Amino acid sequence: MMRMIFPFVVLVSVLWAWSLFAGPGAGSTWAVYDQSLLLSGLLSIALMSLTMMLALRPAWLERPLGGLDQIYRTHKWAGILAVVFAAAHWLIEMGDDVIESIFGKAAKLHDQNYSGFIETMRDAAEEVGELAVYLLFAMLLITLLRKFPYRYWRYLHRGMPVLYLLLAFHAAWLTPLQWWQQPIGLLMAILLFGGSIASGLSLTGRVGRRRQVCGTVTAIKTPGRDVTEVTCHMEPAWPGHRAGQFAFVTFERREGAHPFTIASADRENGTVTFIIKSLGDFTRNLSQKLRVGQTVKIEGPYGCFNFERRNRKSHQIWIAGGIGITPFLAWLEDLGSATDVTVPEADLHYCTRNADQDPMVDRLRALCDGFPGIHLEIHDSSKAQALSAETLTTNGRSAAGAEVWFCGPVGLGQAIRKGLHAAPFRRTRFHKEAFQFR
């Protein structure tokens, strides 16, 4: 996440500093006020532009950023920071009277005089910007409120491009004229243009359209309580996938697309399988909502959670929690069907609430039986067999210097990662599937 956001913020700040003390009154209280107002607004619209462009799901950024899940994580935090800077911009603007009462207005810098059409547009831009900021605050609050139903949130989220265009209008008209003749003006033009194009594509429903392929549901199974296994046969346009990737699946148009990991290896026959756990309103009783022969729309594949990217010199530790086992099932199937792939030595840890009632346990054991180098360890929380960083030692091997691949609940991942970063595990590399798109 920070590998993109931090350099981006630094770049914007450096270009702003290029003309920091330009103009009359440099160094005065009112100059500091004006520059603070400009910087906060600049960072807000710059990060919002980045957020809109990342929402296009740019496949070319997957490898450098580590997958679409990481791109969306960057998208989320760039949006949050944009709102934070927007709040700072609003507070600074509201503090005008306070500063005037303390320091007086004698040294206040006078705005450049405008007239006619330009003055009218600048006044409109101020009013539009204030309204858009209030709506932006409300949208952030709803987004962070996890109890707000996804099916309603996604419709509200579709309004973000409209909010962006309002803020872009505000920024374009209120940007100082001298900026357009400097590097910061060029950056602003690029960001506003890119963000506006991204907003237009989003509003017209064209995001990810080129990677959408239709298919047919061929089998529906319920291997366990609250778990549905759906197999689909895709049309010839389906490009195939790598084990560990995911896709956005649309079973019902009104519900929209949901991201699910592809739980099967690519057999080059157009067949994909998803194992879906009931975690929300739509996935609850999913098997009763679907039927064999139903048309499904799948967009993808996406993601870089691929064991082929592993460091072959590092000891492998694979950790799955609950439905997070799906990418590892695909890995094991892929290893079983491939003839030209070297099977790695790995410790596979599977965390489950009740191993006796979990259908994935027997499936994992059957898949791992064919690989002597893969050691399976089941952690049953009903029997107080919790997994921690200290217990990641199997067959006399230490986790220090290992490469860890994790997919599962956020809390479990954070606890294990924090433990591994402590001595003596500080050299451990940690790969995580950040499966949160809200």
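One is the number of the first residue; the rest follow in order along the sequence. Since we're looking at a predicted model, the values are computed, not measured.
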Counting distance only, does the side-chain N/O of [X] pair as donor-acceptor with the main-chain N or O of [Y] below 3.5 Å?
X: S278; Y: D226; answer: no
X: S44; Y: F85; answer: no
X: Q245; Y: G303; answer: yes
X: D380; Y: A355; answer: yes
X: T295; Y: T216; answer: no
X: T222; Y: T228; answer: no
X: Q294; Y: R291; answer: yes
X: K432; Y: Q414; answer: no
X: S202; Y: A198; answer: no

For Y302, enumerate each residue passing the ring-ring contact (aromatic ring centres under 6.0 Å, His included) test, keeping only those at least two apart in sequence or located in another chain. F248
What heavy-atom pair brings [X] and [Y] nearest, and what distance separates the two atoms?
X: G413; Y: F430; result: O-CZ, 3.9 Å
X: G370; Y: P372; result: O-CD, 3.6 Å
X: G244; Y: A330; result: N-CB, 4.0 Å
X: A263; Y: E333; result: O-OE2, 4.2 Å
X: I184; Y: W179; result: CG2-CG, 3.6 Å
X: I71; Y: E62; result: CD1-N, 3.8 Å

Kindly compute the distance separating CZ (F8) from CG (L43), expressed to the nearest 0.5 Å. 8.5 Å
So, taking the atom named CZ in R225 and the one named CG in D358, what distance separates them when rounded to the nearest 0.5 Å? 12.0 Å
Contact list for residues 237-251, test salt bridge (Lys or Arg N to Asp or Glu O under 4.0 Å), sequence neighbours left out: none
Relative to each other, are the rings of W238 and H241 parallel, tilted or perpendicular (30° and 60° limits)? tilted
Do the side-chain N and O atoms of E126 and W173 include a donor-acceptor pair separated by under 3.5 angstrom? no
Do S49 and Y164 have side-chain atoms, one donor and one acceptor, less than 3.5 Å apart? yes
Check: residues 206-214 side-chain donor-acceptor pairs under 3.5 Å, at least two apart:
| from | atom 1 | to | atom 2 | distance (Å) |
| --- | --- | --- | --- | --- |
| R209 | NH2 | T204 | O | 3.4 |
| R209 | NH2 | G205 | O | 3.1 |
| R211 | NH2 | P301 | O | 2.7 |

